[in-house]
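Report on the structure given below.
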Protein chains: 2
Amino acid sequence: MRDQNPAKGLQRAELARRTGANLETVRYYEKVGLLPPPPRTASGYRSYDRAHERRLSFVLRARELGFSLEEVRALLRLVDERDQPCAEASRLAAAHLADVRAKITDLRRMEGVLKTVVAQCGDGTRPDCPLIETLFREAAVE
Amino acid sequence: MRDQNPAKGLQRAELARRTGANLETVRYYEKVGLLPPPPRTASGYRSYDRAHERRLSFVLRARELGFSLEEVRALLRLVDERDQPCAEASRLAAAHLADVRAKITDLRRMEGVLKTVVAQCGDGTRPDCPLIETLFREAAVE
DNA sequence: CTTGACCCTGTAGTCGCTACAGACCGTAGC
DNA sequence: GCTACGGTCTGTAGCGACTACAGGGTCAAG
């Protein structure tokens, strides 16, 4: 290991490992402005600190909750500006919750149809395949 | 209307309208080989028939069930080759059903967390925002 | 002083579309 | 015939959120 004196100067790979992010993802987040560009060593290597790690973890957790990068950006602005973030944050979360629920509804519809056709297909020895017939015959959906 | 003699020579826009597809999507499907290139008029305009319409509807319905274009391609091969498609089709559908269920599981996890934080945020007058604290403090997920 | 592991940058690819730009065609009105 | 307006044609670039190189620089150990 190169330089891992405590509390200063994480390299990108170390930051990625500690946060569970992919190396390239960290680079990407920096490129699109979600992470501030860290200071560099004399030879140009990035040197991250705890604040970067905290911020990256924030982004990753927001992503795990399905927030888009645009939404994450908005959340980070709320964090940085530190006014009364809760009302706006709550609004964002509620809107996103509605998105998530809409997606669940969509997927459940798909699940229902698929479950039915898989059951109808059985062991697959039928000459007329229920899946294929379904796709040809009717609107698969209402 | 240009030429809409019955059962022959749909133009692309008509095909799109009849199937509910977006015009550009039809073009895209042709480009990536999901739809066969139709015959052309003397001046180079596409002329679709009922078989194209049927095939496009098949693709669109499969997409509504969440199949990827690769999967749709595989389904179309089964249709075209007409051996014993049901076993393989059923396998594809079952695999896709598992994908769909995995996505539902993921989304439900997100929904649960979001529901909780939105409830905690209440009317948004709290000084410490539960959403932001959640994203900073703990792994938002198990 | 070489080897090998890491870091740097930039670019291209993924999926499933969507949206142009710029050229052609075809019909209706005058 | 002439023009205007819509439709069609092609190719290319953009989206979101990464992911995967290529081709170079740097650093420490042997």
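First the proteins, then the strands, lettered A, B, ... as listed; each starts at 1. The structure displayed is predicted, hence computed values, not measured ones.
For A/Asn22 and D/dT19, the shortest distance from a side-chain N or O to OP1 or OP2 is below 4.0 Å. OP1 and OP2 of C/dA19 both lie 4.0 Å or more from every side-chain N or O belonging to B/Arg27. Residue B/Arg40 places at least one side-chain N or O closer than 4.0 Å to OP1 or OP2 of D/dT10.
Taking atom OH of B/Tyr48 as the reference point, atom C1' of D/dT8 lies 11 Å away to the nearest angstrom. Atom CD of B/Glu30 and atom P of D/dG11 are 11 Å apart (whole Å). Remark: P of D/dG16 and CG of A/Leu34 are 12 Å apart, rounded to the nearest angstrom. Atoms CD (B/Glu64) and P (C/dG16) sit 15 Å apart, rounded to a whole Å. Computed from coordinates, the B/Arg12 CZ to C/dT18 P distance equals 14 Å when rounded to whole Å. When the C1' atom of C/dG16 is taken as reference, atom CG of B/Leu60 falls 13 Å away, rounded to whole Å. Nucleotide D/dG11 holds its C1' atom 9 Å from the NZ atom of B/Lys31, rounded to whole Å. Following rounding to the nearest Å, A/Tyr28 (OH) and D/dA20 (C1') show an atom-to-atom distance of 15 Å.
In this model, no side-chain donor or acceptor of A/Glu70 finds a partner on the base of D/dC15 within 3.5 Å. Within 3.5 Å, no donor on the side chain of A/Arg46 pairs with an acceptor on the base of D/dT26, nor the reverse. No N or O donor and acceptor, one from the side chain of B/Tyr45 and one from the base of C/dG26, sit under 3.5 Å apart. One cannot find a donor-acceptor pair under 3.5 Å joining the base of C/dC6 and the side-chain atoms of A/Glu14.
The B/Gln11 side chain lies nearest to D/dT8 when the options are D/dT8, D/dA20, D/dC18.
Of the two residues near DNA chain D, A/Ser43 and A/Glu24, the one whose nearest nucleotide lies more 5' is A/Glu24. Where A/Ala42 and A/Thr25 each meet DNA chain D at their nearest nucleotide, the meeting point lying more 5' is that of A/Thr25.
The pair A/Arg46-A/Glu30 meets the salt-bridge criterion, with a side-chain N (NZ, NE, NH1 or NH2) lying under 4.0 Å from an Asp/Glu carboxylate O. By the 4.0 Å N-to-carboxylate-O rule, B/Arg108 lies too far from B/Glu111 to be salt-bridged with it.
One finds the CG atom of A/Asp128 at 7.5 Å from the SG atom of B/Cys86 (value rounded to the nearest 0.5 Å). Atom CZ in B/Arg55 sits 11.5 Å away from atom CG in B/Asp49 (nearest 0.5 Å).
Looking at heavy-atom distances under 4.0 Å, A/Tyr29 makes contact with sugar-phosphate atoms alone, never a base.
The two residues A/Ala21 and A/Val26 make their nearest non-hydrogen contact at CB-CG2, 4.0 Å.
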